[in-house]
There are 2 protein chains.
Amino acid sequence: MSGAVKNGAREKFMTFLARKHLRVTAQRQAIVDTVFSTNQHFTAEQLLAWSRARDRSVSRATVYRTLPLLTESGLVREMDFGKDYKFYDPNYAEHPNHNHIICNDCEKIVEFESDKIEQLESEITRRLGFSLQTQRLQITGSCEELKKLGACKKKRGI
Amino acid sequence: MSGAVKNGAREKFMTFLARKHLRVTAQRQAIVDTVFSTNQHFTAEQLLAWSRARDRSVSRATVYRTLPLLTESGLVREMDFGKDYKFYDPNYAEHPNHNHIICNDCEKIVEFESDKIEQLESEITRRLGFSLQTQRLQITGSCEELKKLGACKKKRGI
DNA sequence: ATCAATGCAAATAATTTGCAAAAAG
DNA sequence: CTTTTTGCAAATTATTTGCATTGAT
């Protein structure tokens, strides 16, 4: 959870704040450091808990107010898996076109990239008169464990 | 909105109800007829309004209770476009693997299918140790109008 | 008759927001 | 100093649920 902070991403976010004349507060730093020290997808609630471990003064409101800044900067992507809360993915800075496979039972998520799919996408998009901006491909299926045992031991591996 | 009811889909849903020993009520009929007389994506709230036009006694609660039956039957698919409400797509009975392109400005949605992409998906999924159950590919981009004029005249074409 | 299905209104839960106090620039 | 940002608690809003009643089988 609390590995090394990715300074590239952190730096980029600071630049983003400066460009918009937004202030660098202790709470924003705690939140941003938290985000860029994991590769995991997280929820707002998880981000709150982890950020509080760094700085007790971080509030839920500030987390919810910082999340839009992170997505607007392009360094984090909001993802909807159809649950009643959203997930955030901090890996788009490094892999802008990656996709997700989610296990139906344990909800384990694996990321992958495919040049061939990307190419087909832009081809089809063009043919339909659009120009492509973003794409998201989500596959759900059964992981090895689910296939073998009929159920996964640990659920909710998000 | 109120074109001809697709009797194939309607019929399949009735079979689905029978198999589960669920009852055919006037309200369910109004809702189901509404769903299968459009190709448009809709929200729960829209479905309520349209169903009420057929049968004033349909309540919001019944709409929300019927929607899971429709998705469970496989005839309708729940879709999350990251808004704070969900959309439902009644076209999965005819096109089980179709995908969506959404215009960034007017939110016009175009559906498309691609065998090549499907094939790549199942190949990749297999390679990662999963077996594929569902896939959803969402592309966002600029439609012709947005590209040409810089903005779309009518917004929110959902 | 029996038991599922309904409408209503209250409950839930993620996210948003108003406001007075605190802190950044 | 000025203006943004904060935490708190209350508000918002889509969806869900308990319950007494209605209606399908």
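Just so we're on the same page: letters track the sequence lines, and every chain starts at 1. Predicted, not measured: the structure shown is a model, and the values here were computed from it.
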What residues 11-27 of chain B contributes to the DNA chain C interface at heavy-atom separation below 4.0 Å is B:Leu22, B:Arg23, B:Thr25, B:Gln27
Those residues at least two apart in sequence (or on a different chain) that pass ring-ring contact (aromatic ring centres under 6.0 Å, His included) with B:Phe16 are B:Phe13
Sorted by chain and number, sequence neighbours left out, side chain to side chain contact (heavy atoms under 4.5 Å, CB included) with A:His98 holds for A:Asp89, A:Asn91, A:Tyr92, A:His95, A:His100, A:Glu111, A:Glu113
- Query: For B:Tyr64 and D:dT16, is the shortest distance between a side-chain N/O and OP1 or OP2 below 4.0 Å?
  - Reply: no
The correct set of residues in residues 65-73 of chain A placing a heavy atom under 4.0 Å from DNA chain D is A:Arg65
Taken to the nearest whole Å, CZ/A:Phe87 to P/C:dT15 is 10 Å
Contacts of B:Thr125 meeting side chain to side chain contact (heavy atoms under 4.5 Å, CB included) (sequence neighbours excluded), chain-then-number -> A:Ile101, A:Ile139, B:Phe130, B:Leu132
Beyond-backbone contact of B:Leu128 with A:Phe112, side-chain heavy atoms, under 4.5 angstrom: yes
For residues 126-146 of chain B, the salt bridge (Lys or Arg N to Asp or Glu O under 4.0 Å) pairs (sequence neighbours left out) are B:Glu123-B:Arg127, B:Glu145-B:Lys153
Of the candidates D:dT15, D:dT5, C:dT6, the side chain of A:Arg28 sits closest to D:dT5
From NZ of B:Lys86 across to C1' of C:dA14 the rounded distance in Å is 11 Å
Kindly give the atom pairs (protein nitrogen or oxygen, nucleotide nitrogen or oxygen) under 3.5 Å for nucleotides 9-11 of chain C.
none

**OP:** For A:Val63, report the nucleic acid contact type (base, sugar-phosphate, nothing); a contact means any heavy atom under 4.0 Å.
**Re:** nothing
Residues passing the side-chain hydrogen bond (donor to acceptor under 3.5 Å, both in side chains) test with B:Asp80, sequence neighbours excluded, are none
Between CG of B:Asp84 and P of C:dT17 the distance, given in whole Å, is 11 Å
Whole-Å distance, A:Glu45 CD to C:dA13 P, equals 12 Å
Regarding the side chain of B:Thr62, the nearest nucleotide among C:dT15, C:dT6, D:dT15 is C:dT6
- Query: Is the number of heavy atoms from other residues, nucleotides or ligands under 6.0 Å of B:Lys116 NZ greater than 12?
  - Reply: no
Residue set satisfying side-chain hydrogen bond (donor to acceptor under 3.5 Å, both in side chains) with B:Glu78, at least two apart, ordered chain then number -> none
Residues at least two apart in sequence or cross-chain that pass side-chain hydrogen bond (donor to acceptor under 3.5 Å, both in side chains) with A:Lys148, listed by chain then number, are none
To the nearest angstrom, the NZ-P distance between A:Lys83 and D:dT15 comes to 16 Å
note: B:Tyr85, atom OH; C:dT15, atom P; distance rounded to Å ~ 16 Å
A:Glu78 atom CD is separated from C:dA14 atom P, nearest whole Å, by 15 Å
With sequence neighbours left out, the residues meeting side-chain hydrogen bond (donor to acceptor under 3.5 Å, both in side chains) with B:Ser142 are A:Gln133
Name each donor-acceptor pair under 3.5 Å that joins a side chain in residues 61-68 of chain B to protein atoms two or more places apart or in another chain, with its distance.
from, atom 1, to, atom 2, distance (Å)
B:Thr62, OG1, B:Ser59, OG, 3.3
B:Thr66, OG1, B:Thr62, O, 2.7

